[in-house]
Amino acid sequence: MLEMLELIHRLRRNRRNSTIRNLLQETHIHPQHLVWPVFVLEGKNKKEPIPTMPGIYRWSLDLLIPELKRASKLGLNSIALFPFIEVHLKDASGTYAINKDNLVTKAIQEIKNSCPGICLFSDLALDPFTTHGHDGLLDPKTGDVQNDPTVAVLTQMAVLHALAGADYVAPSDMMDGRVGAIRKTLDQNGFSQTGIMAYSAKYASAFYGPFREAVGSKQLQGDKKSYQLSIHNTREALREVEADIWEGADIVMVKPALSYLDIISQLRQKYSVPIASYNVSGEYAMVKAAAQQGWVDEKKMVNEILISLRRGGSDLIFTYHAMDYVQWF
Ligand code: PBG
């Protein structure tokens with residue numbers, strides 16, 4: 001028979017029962033840490049399912065607002081707003097994005113009027129508005145996305161969103177210098193209190209597929225590798241984040257989340273700025289697809305995913321699971 005081991009430390013003592021385990025739990029998720037991405041579309045009485053994202057809908061405003069009130073009662077008070085733009089309103093330069101009475105500005109105004117307690121992140125990018133699905137204006141010769149002219153449009157969008165009442169504008173385009181230009185323009189127009197949540201480390205990822213269906217930009221020509229980060233790189237992400245912090249970002253984001261936990265954790269160690277992670281559409285769709293087959297325990301898996309993002313160093317988490325999560329727990 002094996003003798004009793006002479007152990008000073010027996011780590012299992014701290015896991016003996018649930019009271020002790022709860023007492024020593026290091027990481028928590030509260031509804032206040034979650035941001036729920038929502039899709040709006042024109043019209044009335046619409047709740048369109050998105051086939052690639054079961055459980056997620058495109059809402060018309062009249063139906064979205066009661067849903068946001070319901071979320072708020074459950075403690076979920078932050079949303080990220082994305083528009084589904086009808087094809088006839090799109091063109092090569094995304095002109096409708098800077099129409100001051102467009103779907104986005106109307107939605108921001110109505111949401112902030114009806115639910116003033118909500119923190120609203122409005123997306124700044126051209127892809128829902130362009131016929132080619134890129135986040136900016138294309139160079140007629142090379143077909144590449146032009147940096148500085150795109151930034152000029154983004155600054156105009158930022159002012160419209162701020163005027164409509166957005167709490168944070170969220171540039172998701174990955175153009176160089178956009179955070180600084182947006183900060184300057186907002187300040188010059190009297191919006192020094194409107195924040196910037198920068199999609200700083202946004203990788204050129206295959207995990208965005210279902211989202212492109214949701215916003216109707218899946219007709220994308222080519223890829224986004226000349227502006228989004230290479231999936232192979234870490235130091236490049238740190239440079240992007242550093243630039244955005246210097247330019248005035250109030251919050252920086254890592255996107256996608258799960259395959260980039262190493263990036264989140266390095267940022268947490270290096271910088272004191274708040275860090276957001278985006279648990280993106282492809283990550284959501286994988287869980288949903290497996291759950292629909294009965295192959296996994298969805299609730300436990302979602303909890304584990306969100307915990308991993310908090311443990312990795314995210315302060316806030318953008319996730320399509322948000323509404324489910326606050327209803328389950
Ligand atoms: C583009 C944008 C994308 C997402 C948010 N904003 C996709 C892309 O770069 O094509 C993806 C979000 C998700 O997958 O959930 N401005």
Side-chain angles (χ1 to χ4, degrees), residues 35-44 46-48 50 56-65 67-68 71 78-116 118-137 150-175 178-179 181-182 185-186 189 191 193-199 208 211-217 253 278 281 318 320:
V35 181
W36 187 30
V38 295
F39 300 102
V40 274
L41 84 181
E42 303 275 0
K44 282 213 166 8
K46 288 191 183 158
K47 182 186 174 185
E48 285 184 8
I50 299 163
I56 300 295
Y57 301 87
R58 303 185 194 105
W59 304 85
S60 58
L61 272 172
D62 56 328
L63 298 190
L64 178 60
I65 284 171
E67 188 69 3
L68 296 181
S78 299
I79 61 164
L81 186 67
F82 295 99
F84 176 83
I85 303 296
E86 291 173 14
V87 177
H88 69 94
L89 292 169
K90 298 187 186 197
D91 60 29
S93 21
T95 320
Y96 186 58
I98 47 171
N99 177 324
K100 72 176 184 9
D101 301 312
N102 68 15
L103 173 63
V104 178
T105 58
K106 272 190 306 200
I108 298 172
Q109 275 167 16
E110 279 198 39
I111 292 168
K112 290 297 290 185
N113 281 340
S114 323
C115 318
I118 274 186
C119 176
L120 190 151
F121 294 83
S122 76
D123 191 63
L124 286 192
L126 284 175
D127 54 320
F129 301 93
T130 53
T131 36
H132 44 72
H134 278 289
D135 293 32
L137 308 174
T150 299
V151 171
V153 179
L154 294 173
T155 61
Q156 294 179 52
M157 283 175 85
V159 170
L160 293 180
H161 294 193
L163 183 64
D167 297 281
Y168 289 84
V169 292
S172 66
D173 55 288
M174 290 298 280
M175 296 301 115
R178 89 279 210 217
V179 171
I182 291 166
T185 313
L186 287 175
N189 284 275
F191 298 111
Q193 293 307 303
T194 307
I196 301 177
M197 203 292 307
Y199 285 76
Y208 307 148
F211 173 95
R212 291 182 188 163
E213 167 89 35
V215 298
S217 67
M253 177 186 270
Y278 200 142
S281 57
F318 286 55
Y320 302 98

Polar side-chain atom of Arg58 near backbone of Ile50 as donor-acceptor pair, under 3.5 Å: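 No, Arg58 side chain to Ile50 backbone: no donor-acceptor pair under 3.5 Å.
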With sequence neighbours excluded, tell me which residues meet salt bridge (Lys or Arg N to Asp or Glu O under 4.0 Å) with [X].
X: Asp123; result: none
X: Lys47; result: none
X: Glu213; result: Lys218
X: Lys112; result: Asp167

Given the rule in the side-chain contact (heavy atoms from CB on, under 4.5 Å) test, do Leu61 and Ile111 qualify, once you have shown the distances and angles that lead to the verdict? CA-CA 8 Å; Leu61 272 172; Ile111 292 168; 4.1 Å; yes
Nearest heavy-atom pair of [X] and [Y]: which atoms, and what distance?
X: Gly43; Y: Asp62; value: O-OD1, 4.2 Å
X: Lys90; Y: Pro128; value: CE-O, 3.2 Å
X: Thr130; Y: Ser93; value: CG2-C, 4.2 Å
X: Pro171; Y: Ile196; value: CD-CG2, 3.9 Å
X: Leu126; Y: Val153; value: CD2-CG1, 4.0 Å
X: Ala158; Y: Ile182; value: CB-CG2, 3.7 Å

Just one of Glu42, Lys46, Glu48 clears the side-chain contact (heavy atoms from CB on, under 4.5 Å) bar with Ser60, so which one?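 That would be Lys46; it is the only one of Glu42, Lys46, Glu48 passing the side-chain contact (heavy atoms from CB on, under 4.5 Å) with Ser60.
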Reference residue Val159; test side-chain contact (heavy atoms from CB on, under 4.5 Å); the match among Val169, Thr194, Thr185: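 Answer after filtering Val169, Thr194, Thr185: Thr185.
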Mind checking the [atom1]-[atom2] spacing from [X] to [Y]? Nearest 0.5 Å is all I need.
X: Leu68; Y: Cys115; atom1: CG; atom2: SG; result: 5.0 Å
X: Ile98; Y: Thr95; atom1: CD1; atom2: OG1; result: 6.5 Å
X: Asn99; Y: Phe129; atom1: CG; atom2: CZ; result: 9.5 Å
X: Asp127; Y: Asp173; atom1: CG; atom2: CG; result: 9.0 Å
X: Met253; Y: Ser172; atom1: CE; atom2: OG; result: 9.0 Å
X: Thr105; Y: Asn102; atom1: OG1; atom2: CG; result: 4.5 Å

Below 4.5 Å, heavy atoms only, C-beta onward: do [X] and [Y] meet side chain to side chain?
X: Leu163; Y: Phe191; value: yes
X: Val40; Y: Lys106; value: no
X: Phe211; Y: Tyr320; value: yes

List the atom pairs, with distances to 0.1 Å, where a side-chain N or O of residues 78-88 and a protein N or O form a donor-acceptor pair under 3.5 Å, not counting sequence neighbours.
| residue | atom | partner | partner atom | Å |
| --- | --- | --- | --- | --- |
| Glu86 | OE1 | His88 | NE2 | 3.0 |

Start with the C-alpha distance between Thr150 and Asp135, add both sets of side-chain angles, then the distance that settles side-chain contact (heavy atoms from CB on, under 4.5 Å), and finish with yes or no. CA-CA 8 Å; Thr150 299; Asp135 293 32; over 6 Å; no
Can you list every ring pair (Phe, Tyr, Trp, His ring centres under 6.0 Å) pair that touches residues 151-172, not counting sequence neighbours?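 Pairs touching residues 151-172 that pass the test: Phe121-Tyr168.
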